[in-house]
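These notes concern the structure reproduced below.
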Amino acid sequence: MSDILELVRKRTSSRMPFDLERPVAEEQLAGILEAARWSPTAHNMQNFEIVVVDDRKVLEAIGSIERPISETFVRENYQQLSFSEEELLERKTGILATMFPPSWRNPDFRLDEIDDEEIASMQTPLPTSAVLLVVVYDPRRRAPASEGDFLGILSLGCVMENMWLAAESMGIGLQIVSSLSSGVEVKRILGIPDDLIIAFSCRLGYPASKPAEYLRVRRDVKDFTHHNRFGD
Ligand SMILES: Cc1cc2nc3c(=O)[nH]c(=O)nc-3n(C[C@H](O)[C@H](O)[C@H](O)COP(=O)(O)O)c2cc1C
């Protein structure tokens, strides 16, 4: 129990470039995919496919896709930002503002009011990675009587966490890259059929340099636990 809890606490987002000289070994990748295989899914529908991308040219093609930032994203993101470590420790949710370009720290952010340099800084290239896993949702493998396939979508979260913990246990860094889920470019490059949906993509690898420490916060257990009745 203590080992699994330690692993759960240690798992973190690895947003740095990965070392291309140190690829993820085949057995390790197999272990991560095995963890995905044994994920719980609603009705055991196993509603996912995984595209393993380790071809440098394909990785570069995906890395060079423009990932435009929407005004809505920046506005909603602003609501979650903390502007100091003290504020983040107090709030216990969300992210530190310094992780984003300065223009995102403006509540009245408007895309048409920022200059080209700022736009360029918002569209940082995808950091290098040895492997990218693109997890594809197959809505046809739908859990019965689940409105909007809520249960199927939850299942994809189990796949994500299983893979993340497996990678963490091997000392391999992982970052979820949600921006690769929208648009048609990744689907086109990877030949993913139109009726399937990219659920999430994750970069995998060993950090190219010592990862920068960053403040990680969580609500306390008592903040989200209710005893016998909601609100108590
Ligand atoms: C569904 C989902 C989508 C996420 N998308 C991104 C993303 O696009 N980019 C990123 O750097 N992190 C992404 N994350 C990671 C979260 O930001 C991160 O888990 C959270 O801030 C807590 O930090 P930690 O992972 O270091 O504990 C995502 C996580 C989840 C579960």
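Atoms within a ligand are numbered from 1 in the order they appear, just like the ligands themselves. All values below come from the heavy atoms of this structure, side chains included, with hydrogens, waters and symmetry mates left out.
The nearest protein atom to atom 25 (O) of ligand 1, hydrogens excluded, is given as Ser13 OG, 2.7 Å; this is a heavy-atom distance. When only non-hydrogen protein atoms are considered, atom 23 (O) of ligand 1 lies nearest to Tyr214 OH, 3.7 Å. Shortest contact from atom 12 (N) of ligand 1 to any protein heavy atom: Arg15 NH2, 3.3 Å. Scanning all protein heavy atoms for the shortest distance to atom 1 (C) of ligand 1 gives Met160 CE, 3.8 Å.
For ligand 1, the polar-atom distance check finds no N/O of Ser179 at less than 3.5 Å from any of the ligand's N/O atoms. Backbone and side-chain nitrogen or oxygen atoms of Ile176 are examined, and one is located within less than 3.5 angstrom of a nitrogen or oxygen of ligand 1. In terms of polar-atom proximity, Trp164 is not counted as a contact of ligand 1, lacking any N or O under 3.5 Å from an N or O of the ligand.
Looking only at atom types and distance, the side chain of Gln46 has a donor-acceptor partner in the side chain of Asn44 under 3.5 Å away. With no hydrogens or angles considered, no side-chain donor-acceptor pair links Trp164 and Glu168 at under 3.5 Å.
Applying the 4.0 Å criterion to heavy atoms of Gln175 picks out, from ligand 1, the atoms 9 (N), 10 (C), 11 (O). Near Thr12, the atoms of ligand 1 lying under 4.0 angstrom from a non-hydrogen atom of the residue are 25 (O), 26 (O). Within ligand 1, the atoms closer than 4.0 Å to a non-hydrogen atom of Val177 are 8 (O), numbered from 1 in the order shown. Close contacts of ligand 1 with Ser178, meaning ligand atoms under 4.0 Å from a residue heavy atom, involve 3 (C), 4 (C), 5 (N), 6 (C), 7 (C), 8 (O).
Using a 4.0 Å cut-off between charged nitrogen and carboxylate oxygen, Arg56 and Glu60 do not count as a salt-bridge pair. Look at Asp55 and Lys57 and you find no salt bridge, because none of the NZ, NE, NH1 or NH2 atoms lies under 4.0 Å from a carboxylate O. A salt bridge is absent between Glu6 and Arg9; no separation between the charged side-chain nitrogens and carboxylate oxygens falls under 4.0 Å.
Ring geometry for Trp104 against Phe73 counts as perpendicular: the plane angle is over 60°, on a 0 to 90° scale with 30° as the lower cut.
Not a single heavy atom of Phe200 lies less than 4.0 angstrom from ligand 1.
Between Phe100 and Tyr78, the distance separating the two ring centers is not shorter than 6.0 angstrom.
Geometric assessment of Arg15 against the ring of Tyr214 yields a positive cation-pi assignment under the 6.0 Å and 45° thresholds.
The presence of a protein heavy atom under 4.0 Å from atom 3 (C) of ligand 1 is confirmed.
In Met99, neither the side chain nor the backbone holds a heavy atom less than 4.0 Å from any atom of ligand 1.
Shortest non-hydrogen contact noted between Leu88 and Gly94 is CD1-O, 3.6 Å.
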